[in-house]
Amino acid sequence: MTGPRLMTITQLLEQFFGIKFIKFSCQTLQNEPDINSSVNKRLRRLTLKDEPFSCIDSLTEEEIDIFKRHLRELFPELDLSKLVKAHTKSVRSYQTWMEQHCRARQYTFQVRKCNDPPLTTQELLEWFPDPTLKEDDKDHYKSYEELKGLETNDQDRPSFNAKPEKAKANIRGATAAAKAQRGDESVEQTEMADASAFTAQTARYSIQCIECNKPRVLYSKNKLTGRQQTQLVLLLQ
């Protein structure tokens, strides 16, 4: 943590929590019990809908060591110094365990017992359902009783934004047109392409159509090299 950032955090703590630091360090901010108790007392004064905030103490170093010990037993090939998704996704045993026991959503993360060894119906908990809109009323969600035990997804969550489909444009390639003139019915005369490829930035060359004598534009994602331009001129001639 840099000095300016540490000073900014310290000033915010002094303003909001009323804590005054004389001598401090990163280790002091994390492990000083008096600071934790002062912060907890101030947070407990806050309420939301007349419900007071609750504070949970962070894990101790001993508890973290115990947790890492269990990870070593379950996943011997897992590098405990790199517990990020970019590294854990390559550990097959860890990914298999996650698929069997966990379900990750945008706002929730669930862990439950697996059915190995077989569990009774009471012991095997069901996944908590995702919010699902009603079919006849897109402004309201289904109740928990309606969704209990059903497979759901989180595509109806309020913050979900589906990626818009890219616009398509009708094009007729020179090869398809030539085959169509020869009577090859297996070639579709209309092909679909990404409309974003046909912009002023990708326009590379102008030619004249031999059928209608109107100007036509050749588009290319990359700029043509000198050799490609020469080959294109010879081809058009």
Side-chain angles (χ1 to χ4, degrees), residues 1-9 71 75-100 102-110 130-133 135 138-139 141 151-237:
M1 185 180 294
T2 61
R5 182 175 297 180
L6 186 59
M7 287 296 297
T8 302
I9 295 175
L71 288 179
F75 318 111
E77 66 275 25
L78 185 64
D79 187 354
L80 298 182
S81 63
K82 299 179 180 178
L83 295 178
V84 293
K85 189 175 182 180
H87 298 283
T88 57
K89 68 180 181 181
S90 60
V91 181
R92 185 55 191 167
S93 59
Y94 175 78
Q95 292 298 327
T96 302
W97 188 89
M98 289 287 291
E99 294 172 0
Q100 293 178 349
C102 306
R103 171 174 288 186
R105 292 291 192 255
Q106 187 72 16
Y107 302 128
T108 61
F109 183 80
Q110 305 178 60
D130 301 289
T132 304
L133 291 171
E135 289 80 3
K138 295 302 181 180
D139 294 329
Y141 289 90
E151 281 293 326
T152 59
N153 55 55
D154 61 347
Q155 293 187 358
D156 285 341
R157 67 178 187 271
S159 62
F160 177 75
N161 292 320
K163 295 183 178 180
E165 295 183 0
K166 291 185 177 181
K168 298 293 183 179
N170 294 332
I171 63 172
R172 184 175 180 179
T175 304
K179 290 184 179 181
Q181 289 179 357
R182 295 196 301 266
D184 189 350
E185 299 179 353
S186 63
V187 180
E188 295 183 2
Q189 297 193 11
T190 301
E191 298 179 357
M192 303 301 293
D194 187 357
S196 62
F198 306 101
T199 63
Q201 288 76 16
T202 58
R204 304 300 177 188
Y205 207 82
S206 175
I207 62 174
Q208 188 173 6
C209 179
I210 60 175
E211 295 181 357
C212 62
N213 292 326
K214 292 182 179 181
R216 293 290 183 260
V217 180
L218 294 180
Y219 295 91
S220 175
K221 182 179 180 180
N222 300 318
K223 184 178 180 180
L224 299 180
T225 63
R227 183 177 180 181
Q228 290 174 334
Q229 292 179 4
T230 302
Q231 292 176 339
L232 178 60
V233 171
L234 294 175
L235 177 63
L236 295 177
Q237 290 178 351

Tell me whether the count of non-hydrogen atoms from other residues, nucleotides or ligands lying under 6.0 Å of NZ in Lys214 goes above 12.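 Check fails, neighbour count at 12 or below.
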Residues, nucleotides or ligands: over 12 heavy atoms within 6.0 Å of Leu234 CG: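 Above 12, so yes.
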Side-chain donor-acceptor pair under 3.5 Å between Ser220 and Asn222, yes or no?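 No, no side-chain donor-acceptor contact under 3.5 Å.
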Nearest 0.5 Å please: distance from the [atom1] atom of [X] over to the [atom2] atom of [Y].
{"X": "Arg105", "Y": "Gln110", "atom1": "CZ", "atom2": "CD", "value": "7.5 Å"}
{"X": "Phe75", "Y": "Glu77", "atom1": "CZ", "atom2": "CD", "value": "8.5 Å"}
{"X": "Gln228", "Y": "Lys223", "atom1": "CD", "atom2": "NZ", "value": "11.5 Å"}
{"X": "Arg204", "Y": "Thr202", "atom1": "CZ", "atom2": "OG1", "value": "6.5 Å"}
{"X": "Leu235", "Y": "Thr230", "atom1": "CG", "atom2": "OG1", "value": "12.5 Å"}
{"X": "Tyr94", "Y": "Leu83", "atom1": "OH", "atom2": "CG", "value": "8.0 Å"}

Could you list the residues that satisfy ring pair (Phe, Tyr, Trp, His ring centres under 6.0 Å) with Tyr141, not counting sequence neighbours?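 If we apply the ring pair (Phe, Tyr, Trp, His ring centres under 6.0 Å) test to Tyr141, skipping adjacent residues, there are no hits.
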Which atom names give the shortest non-hydrogen contact between Lys138 and Glu135, and what distance separates them?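 Closest approach of Lys138 to Glu135, heavy atoms only: CE-O, 3.8 Å.
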Shortest non-hydrogen separation from Gln106 to Asp154 and the atoms involved: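 Distance-wise, the nearest heavy atoms are N-OD2, 3.4 Å.
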With distance as the sole test, does [X] use its side chain to make a donor-acceptor pair with the main-chain N or O of [Y] at under 3.5 Å?
{"X": "Thr132", "Y": "Asp130", "value": "yes"}
{"X": "Asp156", "Y": "Leu133", "value": "yes"}
{"X": "Gln95", "Y": "Ser90", "value": "no"}

So, do Leu218 and Leu224 sit near enough that their side-chain heavy atoms are less than 4.5 Å apart? no
